[in-house]
Amino acid sequence: MQLHGIHHLTAVSADARGNHAFYTGPMGMRLVKKTVNQDDTSAYHLFYADGEASPGTDLTFFDWPVERERRGAASVTRTGLRVAGEAALVWWAERTAGNGVTPARCARSTAACNSISRISRASARAGR
């Protein structure tokens, strides 16, 4: 088997409603599936992706009642996903302005965002 990239990333959210509002609002992603965690059926498993649900654009979240993150050693604080280029980075910065999101530019065409909610957020592939 030859791997060609990451299919999706999964994180934890303690606020499914706020998570949904953020990813379908400022981030413009589509909720492509809402199911339960197969290992813990008391928790939702939310799947977001671009408008076409293209492989590699998926972010998924388990809804578990966790405490606010404490950043430190061995913790993930940002998730960066590639975008189509410089024009897409500008587009994301304009789209997310005023929504509690500050895009950070990286060496590659990646936009990593931090939001004011419980977990760090990432931008999705703009496709522009």
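Values below: every heavy atom of this structure, side chains too, minus hydrogens, waters and symmetry copies. Residues take their numbers from the sequence shown, with the count starting at 1.
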Review point. Arg95 side chain to Pro26 main-chain N or O, any donor-acceptor pair under 3.5 Å?
Key: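 Yes, the answer is positive, given that a donor and an acceptor are paired below the 3.5 Å cut-off.
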Check your understanding: Would you say the side-chain atoms of Glu52 pair up with the backbone N or O of Asp50, donor to acceptor, closer than 3.5 Å?
Key ->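 Looks like no, no N/O pair under 3.5 Å.
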Are side-chain heavy atoms of [X] and [Y] found at a separation under 4.5 Å?
{"X": "Leu46", "Y": "Asn19", "value": "yes"}
{"X": "Met27", "Y": "Thr96", "value": "yes"}
{"X": "Leu59", "Y": "Met29", "value": "yes"}
{"X": "His45", "Y": "Thr60", "value": "yes"}
{"X": "Asn37", "Y": "Trp64", "value": "yes"}

Check your understanding: Given a cutoff of under 4.5 Å between side-chain heavy atoms of I, L, V, M, F, W and Y, with clusters grown through shared members, what are the other residues clustered with Phe47?
Key ->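 For the cluster that includes Phe47, the remaining residues are Val32.
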**Study point:** Between Ser13 and Asp15: side-chain donor-acceptor atoms closer than 3.5 Å
**Key:**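 Asp15 and Ser13 do not have a side-chain donor-acceptor pair below 3.5 Å.
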**Study point:** Sequence-distant partners of His20, side-chain hydrogen bond (donor to acceptor under 3.5 Å, both in side chains), two or more places apart
**Key:**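 Here no residue qualifies.
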Review point. So, for Gln38 and Thr35, which heavy atoms are closest and what is the spacing to 0.1 Å?
Key: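 Where Gln38 meets Thr35 most closely, the heavy atoms are NE2-OG1, 4.0 Å.
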Practice item. Just say parallel, tilted or perpendicular for the rings of Phe61 and Tyr48, cut-offs at 30° and 60°. Key: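 Judged by the thresholds at 30° and 60°, the geometry between Phe61 and Tyr48 is perpendicular.
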